[in-house]
Amino acid sequence: MKHLRLLIIALLLAACASPPQTVAPVTAAPVRAPAQPPPKAFAPAGPFALRNPSFEIEAGAGDRCARQWHCTMHADPNSFRFFLDEAQAADGKRSFCVEPVKKEPWALVTQGIVDRSLNGARVRFTLSVRVDNVAGEGAGTWAQVARPPPGRKPTFRELAKGSRGWQDQSVEFDVPEDAITVEVGATLRGTGRACFDNARLEVLRPGKNPV
């Protein structure tokens, strides 16, 4: 028993003489900032691509309008004739013509652009226009901007009357920063025949604020 007590005492003294164990401090993991989305680009100054701008794509069976364009009229869907014309073109082989066959006040040939890179920009839309015996308000370029409710930005247009060969007509306008759709195209508001070709959209001044 005496030897056992001496052994226990020796073990206790050895434990007390051992250096204290050090514990590594716990460090918090670094907090990573959330990834930022890349900045949204604005359309740069210069040409902005349109679809089938010179009406070169052949119409399909049953098509009533040029490919990539939309033809509408005031009321009666059969009141205007829309057709590709290869007799006289301002650019390429074909132009696109409109003439009334019934009494209705107007027809439109339009293309909608859903691209917010145009928001805040000033743009110019240009068409080559030929008119034959056009009477009434006239025929020529047309543009409009759709915005959130309550409505739209007023329509812009430049119209010609009478008869004349191919001439460029342009409209310039600002695209609001909250614009949803930009529509460009041509209109005939009256009688006679109007033909359109070589559509161009150009950014004159890019937008300034994030879209």
> What's the shortest heavy-atom distance between Ala139 and Val134, and which atoms?
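Shortest heavy-atom separation between Ala139 and Val134 comes out as N-CG1, 4.1 Å.
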
> For Asp132 and Ser163, which I'm curious about, is there any donor-acceptor pair between the side chains at under 3.5 Å?
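No pair is found: no donor N or O on one side chain lies under 3.5 Å from an acceptor on the other.
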
> In this structure, would Met73 and Phe96 fall into the same cluster of hydrophobic residues linked by side-chain contacts under 4.5 Å?
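Linked within one cluster.
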
> Passes side-chain contact (heavy atoms from CB on, under 4.5 Å), Val131 versus Arg164? Steps please.
CA-CA 6 Å; Val131 290; Arg164 73 180 196 194; 3.6 Å; yes

> Linking Ile, Leu, Val, Met, Phe, Trp and Tyr by side-chain heavy atoms under 4.5 Å, what else ends up with Leu108?
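For the cluster that includes Leu108, the remaining residues are Trp106, Trp142.
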
> List the atom of Val129, the atom of Gly140, and the distance in Å for their closest heavy-atom pair.
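It is CG2-CA, 4.2 Å.
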
> Distance check, rounded to the nearest 0.5 Å: Cys71 atom SG versus Arg81 atom CZ?
12.5 Å

> Quick one: closest heavy-atom pair of Asp168 and Arg200, and the distance?
OD1-NH2, 3.0 Å

> Once you round to the nearest 0.5 Å, how far does CZ of Arg116 lie from CD of Glu177?
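Answer for the CZ-CD pair, Arg116 versus Glu177, is 10.0 Å.
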
> For Thr187 and Ala107, which heavy atoms make the closest approach, and how far apart are they?
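Answer, listing the atom of Thr187 first, then Ala107: OG1-O, 2.9 Å.
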
> Please answer whether the main-chain N or O of Phe55 pairs with a side-chain N or O of Trp69 as donor and acceptor at a distance below 3.5 Å.
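Side chain of Trp69 to backbone of Phe55: no pair is present.
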
> Under 4.5 Å between any side-chain heavy atoms of Ile113 and Phe48, yes or no?
yes

> Run the numbers on Val203 and Leu118 for side-chain contact (heavy atoms from CB on, under 4.5 Å), then give the verdict.
CA-CA 8 Å; Val203 176; Leu118 289 174; 3.8 Å; yes

> According to a hydrophobic-cluster definition based on side-chain heavy atoms being under 4.5 Å apart (Ile, Leu, Val, Met, Phe, Trp, Tyr only), do Leu50 and Val175 belong together?
yes

> Less than 4.5 Å apart, side chain to side chain, heavy atoms only: is that true for Asp174 and Val145?
no

> Considering only heavy atoms from C-beta outward, does the side chain of Pro148 approach that of Ile180 to under 4.5 Å?
yes

> With the side chain counted from C-beta on, respond yes when Arg67 and Arg51 share a heavy-atom pair under 4.5 Å apart, and no when they do not.
no

> Before you tell me yes or no, could you show the steps for Leu201 and Gln111 under side-chain contact (heavy atoms from CB on, under 4.5 Å), namely the whole-Å CA-CA distance, both residues' side-chain angles and the distance that decides it to 0.1 Å?
CA-CA 11 Å; Leu201 184 63; Gln111 185 172 133; over 6 Å; no

> So, are Glu172 and Arg122 salt-bridged, with charged N and O less than 4.0 Å apart?
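Salt bridge between Glu172 and Arg122, a charged N being under 4.0 Å from a carboxylate O: yes.
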
> Is it the case that the side chain of Asp197 and the backbone of Ala90 share a donor-acceptor pair, with hydrogens and angles ignored and the cut-off at 3.5 Å?
yes

> As an exercise, state the distance from CG of Leu159 to CD of Glu137, rounded to the nearest 0.5 Å.
6.5 Å

> Do Cys195 and Arg94 touch side chain to side chain, with heavy atoms closer than 4.5 Å?
no

> Would you say the side-chain atoms of Asp91 pair up with the backbone N or O of Asn198, donor to acceptor, closer than 3.5 Å?
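Not at all, since once roles are kept as given, no pair shorter than 3.5 Å links the two residues.
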
> Do Glu158 and Thr141 have a side chain donor and acceptor closer than 3.5 Å?
no

> Between atom CZ of Arg64 and atom CZ of Phe80, what is the distance when rounded to the nearest 0.5 Å?
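Going from the CZ atom of Arg64 to the CZ atom of Phe80 covers 12.0 Å.
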
> Check whether any side-chain heavy atom of Ser170 sits under 4.5 Å from a side-chain heavy atom of Glu202, and report yes or no.
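Not touching, per the 4.5 Å side-chain cut-off.
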
> Minimum heavy-atom separation for Ala45 to Pro206, with atom names?
N-CG, 3.7 Å

> Taking side chain as C-beta onward, heavy atoms only, is Ser95 less than 4.5 Å from Trp166?
yes

> Enter the distance from Leu188:CG to Glu104:CD here, rounded to the nearest 0.5 Å.
12.0 Å

> Looking at Thr110 and Val184, would you say the former's side chain and the latter's main chain have a donor-acceptor pair under 3.5 Å?
no

> Are Val171 and Val98 connected in the hydrophobic side-chain network, where two residues link if heavy atoms are under 4.5 Å apart?
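Yes, Val171 connects to Val98 through the hydrophobic network.
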
> Using atom types as modelled and distance alone, determine if a side-chain donor or acceptor of Arg130 lies under 3.5 Å from a backbone N or O of Ser128.
no

> Please confirm whether the backbone N or O of Ala89 pairs with a side-chain atom of Asp85, one donor and one acceptor, at under 3.5 Å?
no

> CZ of Arg152 to CD of Glu183: how many Å apart, nearest 0.5 Å?
5.0 Å

> Would a 4.5 Å heavy-atom cut-off, applied to side chains only, mark Phe83 and Glu99 as touching?
yes

> Which heavy-atom pair separates Asn119 from Ala179 by the least distance, and what is that distance?
ND2-O, 3.1 Å

